[in-house]
K.L.:
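Structure incoming, see below.
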2 protein chains.
Amino acid sequence: MGKCLYQHNLKALLSDQYEDLVQQGIRKNLIPMDILFREGEAAANSYLVTKGCLKLSKLNAQGGEVIIRYITPGDMAAAPAVLRNGDYPVTAQALKFTEVIVWDKEGFIALIQKNPKIAMDLLMTVYDRLEDLQTRYLELSSEQAEQRIAKMMISLMKHAGQEHSSGVHIDIPLSRQNIADHIGASMYTVSRTLSTWEKSGWLKSSRKQITITNPGALKALGKT
Amino acid sequence: MGKCLYQHNLKALLSDQYEDLVQQGIRKNLIPMDILFREGEAAANSYLVTKGCLKLSKLNAQGGEVIIRYITPGDMAAAPAVLRNGDYPVTAQALKFTEVIVWDKEGFIALIQKNPKIAMDLLMTVYDRLEDLQTRYLELSSEQAEQRIAKMMISLMKHAGQEHSSGVHIDIPLSRQNIADHIGASMYTVSRTLSTWEKSGWLKSSRKQITITNPGALKALGKT
DNA sequence: CGCTCTATTGATAAACCTCAAATACAGTGG
DNA sequence: CCACTGTATTTGAGGTTTATCAATAGAGCG
């Protein structure tokens, strides 16, 4: 499918030249809850996540968090903001032990000049995110909370799912509040929904842990 | 402000080389309601709007329209989808008499190879849209309908406002349904809200026509 | 074991959608 | 110029989803 062509190229490129990149960039380790950069700060560095998970979020006028995206290994963060000399539009926080590669502005521009193809790959990565967000905007405006939660679970299975004999475990520590903040619902609605699903035997969950035992049921819900 | 640097460059570039571009691309005129391309079709052409207005929308599962964005003169449509060899992610429809410049895939790639800077400018344009949509996603998930309508009106004033002695006229023929589909509300809620504002003397509206007479009041509402 | 953070669950309220019906308006053809 | 027709808008009534509030229970940690 053409859809993932360029994104995969970007990931492959970054992966092939891993040694080079590490020499040009700097490895950095984060512990859970560490904040990598904050919304509104001048964008100084570009990041590539190699292990763990980042949460990209904005604050609304009431001080509540809205989670724009979760960043898993192979994804970049902040690159276009750096290229444009702008501010970070979101806050990036580690949800678990996370490793990133850091380039400062000069290093990242040098990297692109050395590999001009990266500019096009980056364009396609940003475009992927735009398309994804367009779809989620549609869902937020026309589907109800249960469907949006189901779709989020399915997406998480793809990006952070670990096959297990008991089901697919979501390898990101997500609270009910984290889920709510991502799909535009309240923590209470999320809690009630997951409780119902658990009673139906579709998933198992404990504090910040989710294992999906009946993916088909959730996919069917998402298509409703 | 750094924020608009690249977008403006793209517009300027396209404008400076207008004659060149017209020779490479083809001028095309649309009448109101004409559909330029449809969601799901293979992306064949890139467009630059030079006059009029396009509505970019997706269909939800119930067949309802969700309007992702309005495209006004100087903005592009479909470029990244063409570069990636993908499908159009949205449907583009003219809301008034509209002129676009068309490049087929080969022509557009040739254009970029002749002016490599365009790739970076395009990246920044796509990034602008991503940031805009991130902000609207936040608003949709945490603000109520009245505030979202107010913010849409303010945004329209900037992009399609015509100063007039009686106020700022929105130079796009928007139905209540069009407004509702953009901000994720029902036509009825939009109608009630505009009626209230009209009674307060903040705007005047007739069928598909809006003139804002008290921008300050709407801006204050948006900041609530 | 107590402290803190997270999750659950019930009761209530608010925002908003849906449905229905009336009204206003633009364009058309006689 | 006017009636006619189809579309757009308005407004009320009622229902639904979901947020909010409050109270409780549970999990992890020192």
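Numbered from 1 within each chain, the chains take letters A, B, ... in sequence-line order. The analysis underlying the following values was restricted to heavy atoms, covering all of them including side chains, and did not include hydrogens, waters or symmetry mates. For clarity, every value in this text was computed on a predicted model and none was experimentally measured.
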K.L.:
Of the listed nucleotides (C/dA7, D/dT9, D/dA19), which one gets closest to any side-chain atom of A/R176?
P.N.:
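Nearest nucleotide to the side chain: C/dA7.
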
K.L.:
Under 4.0 Å between a side-chain N or O of A/S195 and OP1 or OP2 of C/dT9?
P.N.:
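Yes, because at least one side-chain N or O of A/S195 sits under 4.0 Å from OP1 or OP2 of C/dT9.
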
K.L.:
Taking for each residue the nucleotide of DNA chain D bearing the nearest heavy atom, is the 5' side occupied by B/S175 or by B/R192?
P.N.:
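The answer here is B/S175.
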
K.L.:
If only side-chain N and O atoms of A/T189 are considered, is one of them under 4.0 Å from the OP1 or OP2 phosphate oxygen of D/dT18?
P.N.:
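False: A/T189 side-chain N/O out of range (4.0 Å or more) of D/dT18 OP1/OP2.
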
K.L.:
Are the charged groups of B/E99 and B/R27 less than 4.0 angstrom apart, N to O?
P.N.:
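Yes, this pair counts.
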
K.L.:
May I have the distance from A/Q62 (atom CD) to C/dA14 (atom P), rounded to whole angstrom?
P.N.:
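After rounding, the gap between these two atoms is 17 Å.
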
K.L.:
Mind running salt bridge (charged side-chain N to carboxylate O under 4.0 Å, His left out) on A/D181 and A/K55 for me, showing each step along the way?
P.N.:
CA-CA 11 Å; A/D181 292 342; A/K55 177 191 78 181; over 6 Å; no

K.L.:
Calculate the interatomic distance between B/Q177 atom CD and D/dT7 atom C1'; express it in whole Å.
P.N.:
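That distance rounds to 12 Å.
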
K.L.:
C/dG27, OP1 or OP2 - any side-chain N/O from B/K208 closer than 4.0 Å?
P.N.:
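The answer is no; no side-chain N or O of B/K208 sits under 4.0 Å from OP1 or OP2.
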
K.L.:
Measure from the side-chain heavy atoms of B/Y188 and tell me the nearest of D/dT18, C/dT8, C/dT18.
P.N.:
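For B/Y188, the side-chain atoms sit closest to C/dT18.
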
K.L.:
One pair to check against salt bridge (charged side-chain N to carboxylate O under 4.0 Å, His left out): B/E139 and B/K151. What are the steps and the verdict?
P.N.:
CA-CA 9 Å; B/E139 290 164 4; B/K151 286 185 176 172; 3.7 Å; yes

K.L.:
May I ask you to evaluate whether A/S191 reaches the phosphate of C/dT8, defined as a side-chain N or O under 4.0 Å from OP1 or OP2?
P.N.:
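For C/dT8, OP1/OP2 do have a side-chain N/O of A/S191 under 4.0 Å.
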
K.L.:
Run the numbers on B/R136 and B/E131 for salt bridge (charged side-chain N to carboxylate O under 4.0 Å, His left out), then give the verdict.
P.N.:
CA-CA 9 Å; B/R136 286 199 285 128; B/E131 275 205 23; over 6 Å; no

K.L.:
Measure CE/B/M187 against C1'/C/dA24 and give the value in whole Å, please.
P.N.:
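Between C1' of C/dA24 and CE of B/M187: 14 Å.
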
K.L.:
Could you tell me the separation between the CG atom of B/L194 and the P atom of C/dA24, rounded to a whole number of Å?
P.N.:
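Taking atom P of C/dA24 as the reference, CG of B/L194 is at 18 Å.
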
K.L.:
Check this one for me: any side-chain N or O of B/R207 less than 4.0 Å away from OP1 or OP2 of D/dT7?
P.N.:
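No, B/R207 has no side-chain N/O under 4.0 Å of OP1/OP2 on D/dT7.
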
K.L.:
For the residue pair B/F108 and B/W103, does the interplanar ring angle fall in the parallel (under 30°), tilted (30 to 60°) or perpendicular (over 60°) class?
P.N.:
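Geometry flag for B/W103 against B/F108: tilted rings.
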
K.L.:
Nearest whole Å is fine: how far is C/dA15 C1' from B/L140 CG?
P.N.:
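Roughly 14 Å, once rounded to whole Å.
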
K.L.:
Rounded to whole angstrom units, what separation is found between the CD atom of A/E146 and the P atom of D/dA19?
P.N.:
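Distance check: A/E146 CD to D/dA19 P gives 13 Å.
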
K.L.:
Rounded to whole angstroms, how far apart are CD on B/Q144 and P on D/dT20?
P.N.:
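B/Q144 atom CD is separated from D/dT20 atom P by 10 Å.
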
K.L.:
Quick check for you: among C/dC17, C/dT8, C/dT9, whose closest atom lies nearest to any side-chain atom of A/K199?
P.N.:
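Within the option list, the nearest is C/dT9.
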
K.L.:
Between atom CD in A/Q147 and atom C1' in D/dT18, what is the gap in whole Å?
P.N.:
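Checked: the CD to C1' distance equals 15 Å.
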
